[in-house]
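After the structure tokens below, expect a handful of questions from me.
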There are 2 protein chains.
Amino acid sequence: MPEKDGGKAGGMVRAAGARRELRLPERQPLRQPSRQPSIKDIARLARVSHPTVSRALQNSPLVNPATAAKIRKIAEAAGYRPSAVARGLVTRRTRTVGLVVTTVADPFAGEVACGIEQAANDHGYAVFLANSNADAECERKMVQALAERRVDGIIVTSSRVGSDYLPMLAELNVPMVLVNDQYPGEFVHSVMIANEDGSRAATEHLIELGHRRIAYVGDRSGYQTETERLEGYKRALGAAGIGFAAELAVHGDGRPEAAVTAMDGLLKLADPPTAVCCYNDMTAMGAMKAIRGRGLRVPEDVSVTGFDDLFFAEYLEPPLTTVRQTMRLMGRIAMESLFKLMSGEDSVAQVKVEAELVVRGSTGRVRTNPGPQVQGITTPASTDRSPGTPGTRGTHAQGAGRRLG
Amino acid sequence: MPEKDGGKAGGMVRAAGARRELRLPERQPLRQPSRQPSIKDIARLARVSHPTVSRALQNSPLVNPATAAKIRKIAEAAGYRPSAVARGLVTRRTRTVGLVVTTVADPFAGEVACGIEQAANDHGYAVFLANSNADAECERKMVQALAERRVDGIIVTSSRVGSDYLPMLAELNVPMVLVNDQYPGEFVHSVMIANEDGSRAATEHLIELGHRRIAYVGDRSGYQTETERLEGYKRALGAAGIGFAAELAVHGDGRPEAAVTAMDGLLKLADPPTAVCCYNDMTAMGAMKAIRGRGLRVPEDVSVTGFDDLFFAEYLEPPLTTVRQTMRLMGRIAMESLFKLMSGEDSVAQVKVEAELVVRGSTGRVRTNPGPQVQGITTPASTDRSPGTPGTRGTHAQGAGRRLG
DNA sequence: CTCCTTTATGCACACGTTTGCGGGCGCAAT
DNA sequence: ATTGCGCCCGCAAACGTGTGCATAAAGGAG
């Protein structure tokens, strides 16, 4: 395409009244993809060089305001959109970040992603979404793919990889922030919730209601958040002089289905728990179903606490007492941290946000009389609403996790 | 750089063939924070030209298998990752799609996004995530921004823009697919659910249970899906010879909060409904809360149906009867349609997937005796489980929407 | 009128990759 | 030996943008 006529012929034609280009009007909407106008097209139309167009469009003071206005008008009329990919190539910054989550269908991840997207968008960044399906290998692949896309930074939530990030981070040379999962080293930047505090506050709340036989339904073991929440549960028990019973601490997978069977197992125990502290709201939702499935009632027979305060928590029956995690804010914080990293600061390290206990209707005072509940099937008449149970509709918060040293 | 001397490796060769050399070679090894290796670096290491590296890495038959293997090995060792942005610039295809949703925090959008992401990932595509916050202006901006990123295609779910897409689509010249919102023209490609069928099936189900006074709690009026679902409700009523009562059709906003007040208004009517058909599960969740708030029971006093079959539907108490929308599949279908469009096919047009009624515990036979319910506060003794109520735990599907002509 | 400063613009790169084309080389056919 | 042919491989030109540097125009000071 040696179209180096220098504007001579082009000028004549244009003067003759041929409108700016050939494609839009009517003729060939179905042929070639009718190339988007490039900066050179605009330059030709405005009778300037393309660097001038470039400068005009980024409001550079180097260009005459009058010509800048003219150029902008022409660009606008031509529907010109500068190519972010070409700009990214020369600038070596794509104004793009990668976000890898287990799955956006998970409400927790969705909330975090929402916060991240908003913060990114505020700064003119776009975000690539990648699902890891909670698989370590897949997660690694995703991070690699994002690096190929030359993202300026990466956020990964609920990582399943952990320490492998150190070499990867060194090789990829891309700023990274981890959400809700920390590698117990000092070199990775992360933002997470005060898991231990939150879990402890929930358990203490149950203890204050008189419960002594308190179960814990966790996530798969081995993950950092799971470990911390279990630890908070244990500490609360210890502080109250209640021994930890291994039979009362069971594992689900963070989803309601598994929680149903896990909870059902607890209810089949010879001496079943009167309260259960769940890893998260999804688990609690499953636990409540299992409890109802045995003809028992929440909280009269078994109290339940969750973790996260997902949108549905206050709409469950009874409304769920849970530990609030400000997920959207966490996403925003993660994004802001990443911005700092990308701009060269290296100070962020690890951020921990506080948790807040929200007391609702799913927790109540333990039954004063142990009752004749030798078997799973209890008498349906035992549905006395013991005093001390908060109204099932209140949503006022109470208590708060404190900063963990 | 262009060192094709062959035998010797080193400086003197360069002195001999010093052509239009630049100053890059010796200066850069210790410059910036260890720039990612480029294809030319690999070429130098492998003593070939960079086009050969390019061909070797995409398994071109034009390169000797032996040298290809050697190149791949060197590239691997150097941790070379080809730049997708440079490739996108020359190829004019970024293998990238844009997805704009109201917010990923919405469970429906999350599920759809998940399906889209999976399908895209299967084909080596990455997806840009953009939230429109259900704002038309914001949505337009997002689409523009995605076009600047030179995405190969765009999917927008629950669009708030509608007909404005025709000019935009023509100007941007990017393939687009709309999910769950159709512009009543023929030029846009969309995939949506059989809203009218689904809503009708739900209402018919209520009618079969003996209900006559059936309310409808919708989304904001004016949106396509809302209109269709309302229409399905009306048709079912009409087919059963039940007149449409305007006082029984109210509007929420698709979120539980608004549904609580909307439903509460219905319960305050002189002649309150015995069943309510809700726009979606979020609305139904709010409606159930409002019903409980007045001391009434589901389904004994009021039956409730939803739409979507979100993950929490079967965990509500009672489990929610709802119309299942295969959201993840819809996302996948949308993505596959977009692939066809991107590859030049123009045949997709509009896809409609069937809806399926899932009967659970939130719907039951209408009370045989109208009872003394002059006021909202009814006698708590009226909790007779009338026969005909399906088990509250069954999740078996029944009935299915049919293709709408 | 010359020189210098300021202002506005163009030129020539560069970013990292893909791809059409030409050409060297080995080998078989003539 | 010459020709022809297929196999590899390098050259150069893109793709669309940003930016350092030179420079023309304009204007003021001497």
Side-chain angles (χ1 to χ4, degrees), chain A residues 1-4 6-7 33 35-44 46-71 75 78 80-95 147-150, chain B residues 1-6 17 19-24 27-28 31-32 35-44 46-71 75 78 80-95 147-150:
Chain A
M1 275 318 184
E3 202 188 352
K4 287 291 207 171
R35 217 195 61 225
Q36 298 245 16
S38 84
I39 197 173
K40 293 184 185 173
D41 296 324
I42 307 303
R44 197 178 329 126
R47 303 188 172 288
V48 294
S49 68
H50 75 268
T52 301
V53 176
S54 171
R55 284 187 264 255
L57 262 35
Q58 33 190 162
N59 298 323
S60 163
L62 292 177
V63 52
N64 186 313
T67 63
K70 170 178 140 202
I71 289 174
Y80 169 67
R81 299 268 149 202
S83 163
V85 357
R87 174 182 297 153
L89 182 57
V90 52
T91 305
R92 310 179 72 79
R93 308 202 103 237
T94 54
R95 297 183 79 78
E148 282 196 18
R149 303 258 176 204
R150 296 297 188 266
Chain B
M1 309 311 292
E3 310 273 312
K4 70 145 299 183
D5 49 318
R19 317 214 323 195
R20 40 201 298 270
E21 260 308 295
L22 305 178
R23 52 273 173 194
L24 291 188
R27 274 314 307 162
Q28 66 177 9
R31 277 295 301 157
Q32 293 291 23
R35 209 196 63 221
Q36 297 247 18
S38 82
I39 196 172
K40 294 184 183 173
D41 297 323
I42 307 303
R44 196 181 327 126
R47 302 194 179 287
V48 293
S49 68
H50 72 269
T52 300
V53 176
S54 172
R55 285 187 263 255
L57 263 34
Q58 33 190 164
N59 298 321
S60 163
L62 292 177
V63 51
N64 186 313
T67 60
K70 171 178 139 200
I71 290 174
Y80 169 68
R81 298 270 150 203
S83 163
V85 358
R87 173 181 297 152
L89 182 58
V90 51
T91 303
R92 310 178 71 78
R93 310 201 101 237
T94 54
R95 296 184 79 80
E148 281 196 20
R149 304 260 177 201
R150 295 298 187 264

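Per chain, numbering begins at 1; letters A, B, ... match sequence-line order. A quick note: this is a predicted structure, and the numbers were derived from the prediction, not measured.
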For A:Ile71 against A:Ala46, the heavy-atom pair lying closest together: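 Looking at all heavy atoms of both residues, the shortest contact is CG1-CB, 4.0 Å.
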Quick one: which protein N/O atoms are closer than 3.5 Å to N/O atoms of nucleotides 8-10 of chain C? Pair and distance per line, please.
residue, atom, partner, partner atom, Å
C:dT9, OP1, A:Thr67, OG1, 3.4
C:dT9, OP2, A:Asn64, N, 2.9
C:dT9, OP2, A:Thr67, OG1, 3.2
C:dG10, OP2, A:Ser49, N, 2.8
C:dG10, OP2, A:Ser49, OG, 2.8
C:dG10, OP2, A:Thr52, OG1, 2.7
C:dG10, N7, A:Arg55, NH2, 3.3
C:dG10, O6, A:Arg55, NH2, 2.9

Which heavy atom in B:Ala43 sits nearest to a heavy atom in B:Ser49, and how many Å separate them?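 Result for this residue pair: CB-C, 3.7 Å.
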Between atom CD1 in A:Ile42 and atom P in D:dG16, what is the gap in whole Å?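 Rounded to the whole Å, the gap is 12 Å.
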Roughly how many Å is it from CD in B:Glu148 to P in D:dG16, rounded to a whole number?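 It is 15 Å, rounded to the nearest whole Å.
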Interatomic distance, B:Arg149 CZ vs D:dG16 C1' [rounded to whole Å]: 15 Å
Taking CD1 from B:Ile71 and C1' from C:dT17, how many angstroms apart are they, rounded to a whole number?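 In whole Å, C:dT17 C1' lies 15 Å from B:Ile71 CD1.
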Distance, rounded to the nearest Å, where B:Arg87 contributes CZ and C:dC15 contributes P: 19 Å
B:Arg149 and A:Thr94 have their tightest heavy-atom pair at NH1-O, 2.8 Å
Rounded to the nearest angstrom, tell me the gap between atom CG in A:Leu89 and atom P in C:dT18.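 Going from CG in A:Leu89 over to P in C:dT18 covers 12 Å.
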Atom OH of A:Tyr80 and atom C1' of D:dT17: how far apart are they, to the nearest Å? 7 Å
Between C:dA14 (C1') and A:Arg93 (CZ): distance, integer Å: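 For the pair A:Arg93 CZ and C:dA14 C1', the rounded distance is 18 Å.
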Please tell me if the side chains of B:Arg95 and B:Arg87 come closer than 4.5 Å, counting only heavy atoms from C-beta onward.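 A side-chain contact under 4.5 Å is absent here.
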Does C:dC15 have its OP1 or OP2 closer than 4.0 Å to a side-chain nitrogen or oxygen of A:Arg92?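 No, outside the criterion.
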Using modelled atom types and a 3.5 Å cut-off, is there a donor and acceptor pairing between side-chain atoms of A:Arg92 and backbone atoms of A:Leu89?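 The answer is no, because no donor-acceptor pair under 3.5 Å joins these two groups.
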Considering non-hydrogen atoms only, spot the tightest contact between B:Arg35 and B:Asp41 and give its length.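 Heavy atoms only, the tightest pair is NH2-OD2, 2.9 Å.
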